[in-house]
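The block underneath contains the structure these notes are about, expressed in structure tokens.
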Amino acid sequence: MAIESAAPNMASEPAPLPDANGHFGPYGGMFVAETLMGPLAELRAAYEHFVSDPEFQAEFDTDLADYVGRPSPLYLAERWSRELGGARIYLKREDLNHTGAHKINNTIGQALLAKRMGKTRIIAETGAGQHGVASATVAARLGLECVVYMGAEDIERQKQNVYRMQLLGARVVSVESGSKTLKDALNEAMRDWVTNVDDTFYIIGTVAGPHPYPAMVRDFQTVIGRETRRQFLEREGRLPDALVACVGGGSNAIGLFHPFLADTSVELHGVEAAGDGLDTGRHAAPLCAGRPGVLHGNRTYLMEDDDGQIIATHSISAGLDYPGVGPEHAWLKDSGRATYVAVDDSQALAAFHTLTRTEGIIPALESSHALAYAAELAPRLGSGKALVVNLSGRGDKDIHTVATHEGMAL
Amino acid sequence: MSRIENRFSILRQAGRKALIPFITAGDPTPEVTVPLLHELVAAGADLLELGVPFSDPMADGPVIQRASERALAHGVSLHDVLDMVTAFRASDADTPVILMGYLNPIEVFGYQVFASAAAAAGVDGILTVDAPPEEAAPLAEALHGVGIDPIFLLAPTSGPERIERICALASGFVYYVSTKGVTGAASLDLAEIAAKLDQIRAVTRLPLGVGFGISDAERAATLAQVADAVIVGSALVRQIEVYPDDPRAAMAAMTELLGSMRTAIDAAAPQAVEA
């Protein structure tokens with residue numbers, strides 16, 4: 001089993017990664033133009049200062065409790081587990097957070113940092129719109145100007161979230177370059193940042209980008225794993241046997257996994273989007289079917305062609321539709337500590353319906369990928385075992401997509 | 001002596017400033033690039049910057065982004081770009097050629113293999129926009145090994161420590177990014193640029209080029225008074241969009257603009273520094 005081959009430095013201590021320049025083994029780093037190196041150093045210094053500042057931590061914790069509604073419940077999906085006939089499946093209910101997904105944990109943290117750094121303007125990139133909504137939300141609350149970059153194609157697919165952001169006072173900028181999707185929105189946000197570094201804070205929504213973003217976003221998201229660990233110990237008096245989470249950029253997965261890295265008895269399973277199937281090439285599974293390269297400020301697994309050009313991705317879930325992945329996941333894959341699999345559109349859709357009908361919970365299409373794999377894993381682990389799935393978001397935003405896919409006009 | 005070093009040394013002796021045009025390889029079509037390079041030399045280019053198209057040009061403004069997209073629509077790869085340099089070298093053995101682009105195509109190529117292929121093609125310098133010194137050491141080593149100069153950027157946000165560190169690693173010349181922003185940005189603060197160049201000159205004897213946002217002959221001439229080289233990209237590439245169906249006319253407009261910059265730079269009194 002993969003766990004046995006875990007890297008020795010992960011055996012007991014919390015992993016001392018990344019290194020000073022943001023490297024997770026060969027991955028991560030700071031691959032940006034010189035103009036951004038100064039601002040990244042400034043961000044790193046501010047983050048390192050405030051992360052150990054009790055006042056900052058107290059404010060973060062209070063916001064998570066009173067504004068986000070944490071801790072989110074750990075829910076035993078009894079009926080679904082019984083139907084599958086294997087390990088008990090717990091759901092970490094990030095879908096119950098304010099704004100409906102785990103994204104808000106990170107935007108709360110980064111917005112508090114922006115405020116302390118004296119920045120008056122927030123920018124963000126978004127694919128499905130969840131991170132854009134979470135950014136617009138915290139900007140509204142703190143009275144900061146907010147600009148969200150979104151691919152023209154995604155704007156067309158996610159009109160409701162666009163309007164939500166506008167209601168919250170954000171300006172949504174349509175990105176017309178490249179493939180007009182999430183990766184291009186990220187390029188455009190970087191261009192804005194390099195032009196307006198003096199007053200602008202760029203809130204990246206996932207554990208990718210140049211150092212310190214992968215580490216910083218991870219640290220803000222580890223509240224998921226820390227709560228899960230405590231809640232599970234209280235319920236079961238032991239640790240879970242496996243954790244399952246979907247991986248696009250990978251922030252909800254790393255948030256769940258990270259506090260368990262040293263617990264080598266706990267299997268970690270990341271689930272990528274296989275789209276139409278890995279063999280069709282129409283997917284978004286760089287860890288399963290890509291190779292290492294450099295994009296968006298870090299070295300990681302990518303979807304690219306033989307000339308090193310980034311290629312178009314496909315997934316029914318806009319939040320997983322990204323050609324890269326956080327560098328720490330690349331490292332966890334190579335080290336063997338976590339395993340990564342891929343689930344295709346139709347499997348994810350089936351899981352979407354199953355959870356909705358058996359538990360009365362409509363999951364996000366992103367999270368449905370994790371659910372689909374959990375449905376395979378639970379019988380394999382067998383009864384007496386228990387696993388936790390990160391239910392990273394709620395599915396209200398996806399109802400149109402599902403209906404359209406099934407030939408229904410709402 | 002490298003071709004770049006040699007060219008700057010000749011210019012310095014003649015009391016002249018270098019003019020460096022940038023075009024994207026394969027824009028608007030692959031056939032245009034080599035003849036265009038020769039025409040730019042004829043119009044007064046001292047060195048040439050050839051952009052390697054990339055799907056995600058994070059540091060570029062809309063003009064160069066679209067140039068990349070046009071080239072990629074023709075499937076122009078890094079291999080093709082090296083072939084273009086080989087073809088250019090067949091009838092120009094002296095004008096230095098610098099490739100400018102992003103790291104990933106070189107990662108896929110393999111640093112060592114790429115360095116050897118680039119040297120064989122007659123490439124003189126490589127500027128990878130997204131490889132700051134923190135990440136560039138392995139590539140720089142491979143390039144030095146074959147006599148190619150790794151060209152590094154300095155920016156308004158580079159502090160004294162970074163300036164020293166980057167100048168220690170750089171060779172050929174140092175590329176100063178005139179403004180916070182992407183290529184083709186609008187505003188330039190000459191006094192600020194001059195002050196920063198003085199700061200850089202205090203730690204290096206390498207020639208200093210200035211690029212980003214140099215849109216006309218007047219700006220080129222003004223900057224040439226404080227820099228050793230003036231780099232012009234978006235203003236030239238924009239002509240391709242002015243004549244979308246007529247590459248000949250676009251090329252003529254580009255050489256005319258470059259020629260006007262050449263004239264203005266040479267006419268400006270070389271020592272009349274007032275920033």
Side-chain angles (χ1 to χ4, degrees), chain A residues 19-23 26 28-42 175-179 183-200 209-211 291-300 302-312 323-324, chain B residues 52-62 65-66 68-69 72 75-81 101-109 114 127-136 152-159 161-163 165-166 174-183 185-187 212:
Chain A
D19 70 13
N21 282 329
H23 295 109
M30 287 179 281
F31 294 88
V32 295
E34 174 61 20
T35 314
L36 284 179
M37 292 302 283
L40 283 172
E42 184 198 353
V175 177
E176 308 281 347
S177 59
S179 61
K183 78 176 178 73
D184 310 285
L186 214 150
N187 291 335
E188 207 54 37
M190 280 281 180
R191 291 176 189 127
D192 178 315
W193 196 35
V194 80
T195 308
N196 301 294
V197 283
D198 294 333
D199 68 348
T200 297
H211 182 59
R291 61 182 176 185
V294 171
L295 178 70
H296 291 153
N298 60 137
R299 182 179 281 117
T300 187
L302 297 176
M303 307 263 299
E304 61 180 11
D305 68 14
D306 291 340
D307 297 325
Q309 308 296 346
I310 306 309
I311 57 177
Chain B
V52 180
F54 183 51
S55 54
D56 295 78
M58 233 167 55
D60 283 298
Q65 287 171 44
R66 289 192 294 264
S68 245
E69 285 176 18
L72 289 175
V76 174
S77 69
L78 184 49
H79 291 266
D80 297 331
V81 176
Y102 295 79
L103 190 56
N104 201 48
I106 300 178
E107 289 260 318
V108 170
F109 213 120
F114 168 71
L127 199 175
T128 35
V129 180
D130 55 350
E134 281 80 352
E135 308 289 356
F152 284 94
L153 299 172
L154 278 172
T157 52
S158 309
E161 264 175 50
R162 293 196 65 79
I163 291 176
R165 178 176 184 175
I166 290 168
V174 173
Y175 187 135
Y176 181 67
V177 175
S178 66
T179 180
K180 292 173 197 160
V182 293
T183 51
S187 65
F212 283 40

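A, B, ... follow the sequence lines: proteins, then strands. Residue 1 opens every chain.
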Taking the side chain as C-beta and beyond, is there a heavy-atom pair between A:D184 and B:D56 under 4.5 Å?
yes

For [X], which atoms come within 4.5 Å of any heavy atom of chain A: side chain, backbone, both, or neither?
X      : answer
B:L78  : neither
B:L72  : side chain
B:D60  : backbone
B:P133 : side chain
B:V177 : side chain

Examine whether an atom of [X] lies under 4.5 Å from a heavy atom of chain B, and if so say whether it belongs to the side chain, the backbone or both; otherwise answer neither.
X      : result
A:P210 : neither
A:E42  : neither
A:L186 : neither
A:E188 : side chain

I need the minimum non-hydrogen distance between [X] and [Y], along with the two atoms involved.
X      : Y      : answer
A:S177 : B:Q65  : CB-OE1, 3.3 Å
B:V108 : A:R291 : CG1-NH2, 3.7 Å
A:T195 : B:V182 : OG1-N, 4.1 Å
A:G29  : B:E135 : CA-OE2, 3.1 Å

Has [X] got a side-chain atom pairing as donor or acceptor with [Y]'s backbone, closer than 3.5 angstrom?
X      : Y      : result
A:N187 : B:M58  : no
A:Q309 : B:P53  : yes
A:E34  : B:P132 : no
A:T35  : B:K180 : no
B:D130 : A:F31  : no
B:S55  : A:I310 : yes

Starting at NE2 of B:H79, measure out to CG of A:D306 and round the result to the nearest 0.5 Å.
9.0 Å

NE2/A:H296 to CG/B:N104 distance, rounded to the nearest 0.5 angstrom?
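Reported to 0.5 Å precision, the distance equals 11.0 Å.
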
Look at atom CG of A:D199 and say whether more than 12 heavy atoms of other residues, nucleotides or ligands are closer to it than 6.0 Å.
yes

Step by step, work out the side-chain contact (heavy atoms from CB on, under 4.5 Å) result for A:H23 and B:E134.
CA-CA 11 Å; A:H23 295 109; B:E134 281 80 352; over 6 Å; no

Greatest number of non-hydrogen atom pairs under 4.5 angstrom with chain B, of A:R299, A:R191, A:K183, A:M190, falls to A:R191

